[in-house]
Amino acid sequence: MKKYIAFIVVCICVLACKQADNKNAAPVIGFVDAFEDNTIGHAKTGFIDALQKNGFDEKSGTIKIIYRNAQGNIPTLTQIVKYFISQKVTVIASCPSLSTITALQNTKDIPVCMMVAPTPELMKVNDAQGNPPKNLFGVGENLDYIDTSFLLIPRIVKPKTGKLNVGMIFNQSEPQSVEAMKRIQHLAATNNINLVSLPVNSSADVQLVTASLLSKNLDAFFANPDNTVFASFETIVKNCDKTSVPIFTSEAGLVERGAVAAYGADIYQWGYQAGEQAAQYLRSKDTATLHWQMVTLRKKVYNEAVAKKYALTIPVNFQAIK
């Protein structure tokens, strides 16, 4: 009897120790990128820097980060999210919108911290009453800034003929890309611009579709907020360079990769802002504080070398990238 009682006491002590270890264990963040991209990668850097500034650092053991990249493969993206769920991560950090949508489709319990993503409304993840998922927080963006970016083109580019011809591609399976295209169509129609747009389904289509678009005597190309555009931007630049068509964009990060100019969010700061939100949650562990925010820092930037190549004069309130 004494041995039995002693065994029970030992078991209770072991369980208590395990519970104490779990309680004191460092929080775990599962960070998922939908694809490999030099521009979007800055968001992860900003996110981690914000965590470190707020006392969450892997080197000091105050946090653990599991990083995965789906390399543009949707089934792989789903597997990554499900793996994070099986590991019972504290937070899923999702970048860009494809990762956020996939995470929200697979969990209603684990907090999802989004970045480089449009608003929940544009992602079509709100409920029937217009409310975003209760486990969604982080930083999103609306389409208001696109007006400034797109209307920069007629200020800078002179049409070869009487009417300015601007081309763009969009992924018809991405809600935010379709919404952006509709907004740009309206802007073009009300500003005497001929917009030539063609749909793509994946990065594999970009080479052929861009070449087809550039055969239509374009004056400029507009790179809209689209995951396929991000992933295939070097292909777009290569094709546009061959036909001497300058690229304008609403994404500041694409300027250093070959676009002329942009007015849009700074991707590093976008990730940093999301990281500050994640740190706030890790301290409080209060889901009631989870609310997504609008991105706060946007930049007007231009690529001096590309502008010089096309002999374009950039407005003085735009800053040259370094």
Side-chain angles (χ1 to χ4, degrees), residues 35 37 39 72 96-98 116-119 121-124 141-255 257-264 310 312:
F35 49 83
D37 183 88
T39 302
S97 53
L98 286 175
V116 195
T119 65
E121 181 182 5
L122 289 172
M123 285 191 291
K124 311 293 185 185
E141 173 68 296
N142 59 24
L143 297 176
D144 291 347
Y145 67 105
I146 284 182
D147 299 25
T148 302
S149 301
F150 185 77
L151 294 179
L152 179 64
I153 300 173
R155 291 177 59 190
I156 295 176
V157 179
K158 294 181 180 179
K160 298 169 187 173
T161 59
K163 197 171 185 179
L164 195 67
N165 283 322
V166 178
M168 65 175 285
I169 61 174
F170 66 99
N171 191 325
Q172 51 198 343
S173 65
E174 292 185 25
Q176 79 276 9
S177 184
V178 175
E179 290 299 321
M181 189 270 293
K182 291 178 180 177
R183 189 179 187 111
I184 293 167
Q185 281 180 327
H186 175 73
L187 286 170
T190 54
N191 287 275
N192 196 35
I193 298 171
N194 181 42
L195 181 69
V196 185
S197 60
L198 290 176
V200 294
N201 295 311
S202 69
S203 297
D205 301 334
V206 172
Q207 169 71 30
L208 187 62
V209 174
T210 302
S212 175
L213 197 63
L214 290 166
S215 69
K216 302 182 186 299
N217 197 33
L218 299 182
D219 295 303
F221 183 98
F222 187 74
N224 65 313
D226 183 301
N227 291 319
T228 304
V229 170
F230 269 113
S232 310
F233 194 65
E234 277 63 36
T235 299
I236 295 170
V237 171
K238 185 178 179 180
N239 279 273
C240 287
D241 281 349
K242 287 180 180 178
T243 52
S244 297
V245 173
I247 302 169
F248 292 80
T249 179
S250 56
E251 310 306 311
L254 296 181
V255 173
R257 291 168 64 184
V260 176
Y263 171 61
Y310 288 105
L312 299 173

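A quick note: this is a predicted structure, and the numbers were derived from the prediction, not measured. All values below come from the heavy atoms of this structure, side chains included, with hydrogens, waters and symmetry mates left out.
- Residues Asp219 and Lys163 are not paired through a salt bridge, judged by the lack of any N-O separation under 4.0 Å between the basic side chain and the carboxylate.
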Contacts table for residues 195-206: side-chain donor-acceptor under 3.5 angstrom, sequence neighbours left out:
| unit_1 | atom_1 | unit_2 | atom_2 | d |
| --- | --- | --- | --- | --- |
| Asn201 | OD1 | Gln172 | NE2 | 2.8 |
| Ser202 | OG | Ala204 | N | 3.4 |
| Ser203 | OG | Ser232 | OG | 3.1 |
| Asp205 | OD2 | Asn201 | N | 2.9 |
| Asp205 | OD2 | Ser202 | N | 3.3 |

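- Distance alone, capped at 3.5 Å, is enough to place a donor-acceptor pair between the Ser177 side chain and the Asn171 backbone.
- Judged by distance alone, the side chain of Thr210 and the main-chain N or O of Gln207 form no donor-acceptor pair under 3.5 Å.
- Annotation: side chain of Gln176 is not in contact with side chain of Glu179 (no heavy-atom distance under 4.5 Å).
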Go through Phe233 and Thr249 one step at a time and tell me if the side-chain contact (heavy atoms from CB on, under 4.5 Å) criterion holds.
CA-CA 11 Å; Phe233 194 65; Thr249 179; 5.7 Å; no

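- Among the candidates Leu164, Val260, Val166, the single residue satisfying the side chain to side chain contact (heavy atoms under 4.5 Å, CB included) test with Val157 is Leu164.
- For the pair Val245 and Leu214, the minimum side-chain heavy-atom distance is below 4.5 Å.
- Side-chain contact between Ile156 and Tyr310 is absent, with no heavy-atom pair separated by less than 4.5 Å.
- Atom OG1 of Thr235 and atom CG of Leu208 lie 12.0 Å apart (nearest 0.5 Å).
- Side-chain atoms of Asn142 come within 3.5 Å of backbone atoms of Asp144 as a donor-acceptor pair (strictly under, hydrogens ignored).
- Two residues are said to be in side-chain contact when any heavy atoms from C-beta on lie closer than 4.5 Å; Leu143 and Pro118 fail this criterion.
- Residues Phe150 and Asn191 have side chains not in contact (no heavy-atom distance under 4.5 Å, counting atoms from C-beta outward).
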Ile169 vs Ile236, test: side-chain contact (heavy atoms from CB on, under 4.5 Å). Steps then yes/no.
CA-CA 10 Å; Ile169 61 174; Ile236 295 170; 4.0 Å; yes

Run the numbers on Arg155 and Leu151 for side-chain contact (heavy atoms from CB on, under 4.5 Å), then give the verdict.
CA-CA 7 Å; Arg155 291 177 59 190; Leu151 294 179; 5.9 Å; no

Start with the C-alpha distance between Tyr263 and Leu152, add both sets of side-chain angles, then the distance that settles side-chain contact (heavy atoms from CB on, under 4.5 Å), and finish with yes or no.
CA-CA 9 Å; Tyr263 171 61; Leu152 179 64; over 6 Å; no

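- Between the CD1 atom in Ile184 and the CD1 atom in Ile146 there is a gap of 5.0 Å [rounded to 0.5 Å].
- For the residue pair Thr39/Glu251, the side-chain donor-acceptor check at 3.5 Å is not satisfied.
- Not one N or O on the side chain of Arg257 forms a donor-acceptor pair closer than 3.5 Å with the backbone of Val237.
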